[in-house]
Amino acid sequence: MVYMDYVSGCPVDERVIEVMLKYLKHPGNPSSVHSLGLEARNAVEQARNEVASLINADSSEIVFTSGATEANNLALIGYVMRNKSKGKHIVVSSIEHISIINTAKYLQKVGFDVSFVPVDSYGKVRIDELENSLRDDTILVSIQHANPEIGTIQDIEKIRDVVSASLHVDATASLGKIEVDVEKLGVDLLTISSNDIYGPRGVGGLYIRKGVRVNPIILGGGQEKGIRSGTENVAGIVGFGKAAEIAKQEWKGEAERLKKLRDKLINGLLKIEETFLNGHPKDRLPNNVSVRFNYVEGESILLSLDMENIQASTGSACTSKTLQPSHVLMALGLKHEEAHGSVLFTLGKENDEKDVNYVLEKVPKIIERLRMMSPLYRR
Ligand code: PMP
C-alpha cells in the first residue's frame, strides 16, 4: 500500500494511542468533584497546555471542540452573534473549507452581509480585493492559513496588516506542517484539528484571543468556560494533547523530509506531457502535490491508482459527495474539465522515497492508458 491521502485522514501515532488507552477506560468526568473526576480534569488541562504551547497561545485561550468544522462554526456564528451590534458584514475567501463557506452562506440567510474575496491563479488571496471589500461595519474576516487541496499558504501577516476587524484563521491544514504562531500571525481566532497532526479524529479546538468574545453555539452544562457545553471527550482531548506535544518536537524535521519527497514527486509528474501543478510553486504545504492531467478524469485516475495499491484523492473528502468540481479549483480560474482532471497526493509520516518512485513508475502508464480511451485526447 502506498497511502498518499493524508489530507483525508492520518493514522493515529502509536504514542498517542498509548496515552489515550488509559482514558478510554477511565470513568472520571472532569466536572465530578471526586478524585477520579479530578484526574480526568487534570488530564484535560495538561492537554490544553500542550495544544496551546504548539501555537504559542495561553492555555486559557483554547476551547476544545469536536473538530475543525465545529471550531469554524463557533468562530463565525459565535463571533458574529456576540458582536453584531458593531456591524453585520463579514469577509471570507472563496477557497475556504466548505465548513466556512456553508457557515458564511447560512449567516447570509439570517441577515448578515458576506463578501467572498477572490484568489489569483495560484490560490493566493487577492489582498487588493480584500481591502476593497472591507467596510466600516466589517466585524470579522476569515481566511485559511493554507489550503488542504492545493497547498497554497496565505500571507496572513500581510492580511493582518490591512484588516482592522477581528481575524479568524483556519489553520487545520497548516498545523504541524509549517509554523503556526498566533502571536506572529496576529490572529484573534484560530481553528485547529487533532487528526491532521496524527491525533484522534473528532477532536479539535478554537483559539480565542484573550478579550475576544464569542457566544456559545452549543448550550448545556457550561463546560469549556460556557463556550462549548457537553461532557469533554477526555480520551480524545488527551490524544490531541499528546499529538501536539509530539508535533512541537518533530514538525520541522518532518517538513524538511517531506519537502524533498514532494518536490521529487512534483518534478516527476510534470514530466508527463500536458500535466500542470495546481497551487503555488513555492508557498505550498510541504506534503501537498496537486496536479492536473489534461484529457483524463480524476475519478478514473484514482480507481486505476487504487488497483496499483496507491491511495490518493481528487480534492477534499468533505465535498466528494457532490459531483460538482471543487470550488477551490474553480476559484483558480480552471475550466470544469481541468478541475475534473486533478489528482491530489498528500504525503505523510509513513511515506518514503520508495513510495515516490513507485508512484512515478505507475502514474505515466495510467495516464497514457486513460488518454488512449479519452474522446478528448488527440495525439
Ligand atoms: N478546515 C480545513 C482547512 C480542513 O482541511 C478540514 C478537513 N480536514 C476542516 C476544516 C474540517 O475538519 P473536520 O472534518 O475534522 O471537522
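What you see below is based on every heavy atom in this structure, not just the backbone, and it leaves out hydrogens, waters and symmetry mates. When a ligand or atom number is given, it counts from 1 through the structure's own listing order.
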Worked verdict on E149 versus R292 for salt bridge (Lys or Arg N to Asp or Glu O under 4.0 Å): CA-CA 12 Å; E149 281 183 61; R292 58 182 195 276; over 6 Å; no
Numbering as shown, the atoms of ligand 1 that approach N72 to under 4.0 Å (heavy-atom distance): 1 (N), 10 (C)
Nitrogen or oxygen of S99 less than 3.5 angstrom from that of ligand 1: no
R371 charged N/C atom sitting above Y377 aromatic ring, 6.0 Å / 45°: yes
Residue P148 vicinity, atoms of ligand 1 by number, heavy atom under 4.0 Å: 3 (C), 5 (O)
Within-cut-off N or O pair, T69 and ligand 1, under 3.5 Å: yes
Short side-chain donor-acceptor distance under 3.5 Å, N357 and K264: yes
Donor-acceptor side-chain pairing of T152 and H280 below 3.5 angstrom: no
Region of D170 engaging ligand 1 - heavy atom pairs below 4.0 Å: side chain
Exam field: side chain Q154 to backbone G123, donor-acceptor pair closer than 3.5 Å: yes
